[in-house]
Amino acid sequence: MADKATWLGPTEAELAQQIQARFELDPPRAARHAAKVASLNARLRPAFKSFWDEGVLDAHLAVGNWSLVGLVSDRNLIPLAAFATLDWLIREPEEADRTIRAGVHRISLSRQP
């Protein structure tokens, strides 16, 4: 993890610690989410900042046919994973869309029981 501040403010290591505490994730999973947040597409950053600071999900944020709220409610993703999924949809729209539709994405990013 880098020691420099991320676009959100804290370093990636500090962000991982905050994610671990806030979402009760194990350290490796928190570190993966921190890395994804640190590299989040600029288009998604304002909505993520609002979520991070206020806990509010942007009801209008969508990439293609996938909305942030829909990924959380319909696909049962935690918000961090939903943002990462939207980021993936921006970077690799066809592969991401095909994988999400197939339900494969749920296995690695869904809420844990």
Side-chain angles (χ1 to χ4, degrees):
M1 274 188 252
D3 285 89
K4 64 180 185 168
T6 64
W7 65 269
L8 194 56
T11 66
E12 199 172 305
E14 292 167 337
L15 188 56
Q17 290 174 341
Q18 291 172 11
I19 288 171
Q20 182 182 355
R22 196 177 211 176
F23 298 98
E24 300 177 357
L25 301 177
D26 60 66
R29 192 167 179 214
R32 286 192 301 275
H33 279 294
K36 290 175 184 177
V37 168
S39 66
L40 200 62
N41 183 283
R43 175 178 163 200
L44 304 174
R45 290 179 180 183
F48 186 87
K49 178 100 171 92
S50 178
F51 162 72
W52 188 255
D53 292 345
E54 302 165 23
V56 176
L57 293 176
D58 183 340
H60 303 289
L61 182 61
V63 177
N65 294 323
W66 300 100
S67 71
L68 177 63
V69 172
L71 289 169
V72 172
S73 63
D74 300 340
R75 294 292 171 157
N76 203 32
L77 298 184
I78 64 171
L80 293 170
F83 276 102
T85 300
L86 291 178
D87 187 74
W88 184 31
L89 283 158
I90 290 169
R91 289 182 289 105
E92 300 177 76
E94 287 148 14
E95 181 180 348
D97 183 69
R98 185 173 45 254
T99 303
I100 297 164
R101 286 185 190 285
V104 176
H105 201 54
R106 291 181 124 169
I107 296 167
S108 63
L109 294 176
S110 63
R111 292 183 179 105
Q112 300 298 315

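Keep in mind that the numbers below use all heavy atoms, side chains included, and drop hydrogens, waters and symmetry copies.
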Next on the checklist: Please evaluate residues Trp7 and Val37 with respect to the criterion side-chain contact (heavy atoms from CB on, under 4.5 Å), reporting the C-alpha separation (whole Å), side-chain torsions for both, the decisive distance (0.1 Å), and the verdict.
Outcome noted: CA-CA 9 Å; Trp7 65 269; Val37 168; 4.2 Å; yes
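- Between Ala82 and Leu68, the shortest heavy-atom distance links the atoms CB-CD1, 3.6 Å.
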Which pairs would a plain distance check flag for residues 38-51, meaning a side-chain donor or acceptor within less than 3.5 Å of a matching protein atom at least two apart in sequence or in another chain?
unit_1 : atom_1 : unit_2 : atom_2 : d
Ser39  : OG     : Ala35  : O      : 3.2
Ser39  : OG     : Lys36  : O      : 3.4
Asn41  : OD1    : Arg43  : N      : 2.7
Arg43  : NH2    : Ala62  : O      : 2.7
Arg45  : NE     : Leu40  : O      : 2.8
Arg45  : NH2    : Leu40  : O      : 3.1
Lys49  : NZ     : Asp53  : OD1    : 3.4
Lys49  : NZ     : Asp53  : OD2    : 2.6

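- Note: Arg98 CZ to Ile100 CD1 = 11.0 Å, rounded to the nearest 0.5 Å.
- Residue pairs meeting the salt bridge (charged side-chain N to carboxylate O under 4.0 Å, His left out) criterion with at least one member in residues 81-91, sequence neighbours excluded: Asp87-Arg91.
- What you find for Ala31 and Ala16 is that their closest heavy atoms are CA-CB, 3.9 Å.
- Taking both residues in full, the closest heavy atoms of Ala81 and His33 are given as N-CE1, 3.9 Å, listed atom of the first, atom of the second, then distance.
- Contact of the Ser67 side chain with the Leu61 side chain is not registered, since no non-hydrogen atoms from C-beta on lie closer than 4.5 Å.
- The two residues Leu89 and Ala96 come nearest to each other via the heavy atoms CD2-CB, 3.6 Å.
- Side-chain atoms of Val63 and Trp88, non-hydrogen and from C-beta on, never get closer than 4.5 Å to each other.
- To the nearest 0.5 angstrom, Leu80 atom CG is 12.0 Å from Arg32 atom CZ.
- Residue Asn65 holds its CG atom at 5.5 Å from CZ of Arg101, rounded to the nearest 0.5 Å.
- Here the CD-CD1 distance, from Glu24 to Ile78, works out to 11.5 Å after rounding to the nearest 0.5 Å.
- A cation-pi geometry, defined here as NZ or CZ lying under 6.0 Å from the six-membered ring centre and within 45° of its normal, does not hold between Arg75 and Trp66.
- Between Leu15 and Ile19 the shortest side-chain heavy-atom distance falls below 4.5 Å.
- With rounding to the nearest 0.5 angstrom, the CZ atom of Phe23 is 11.0 Å from the CZ atom of Arg29.
- Between atom CG of residue Asp58 and atom CZ of residue Phe83 there is a gap of 7.5 Å, rounded to the nearest 0.5 Å.
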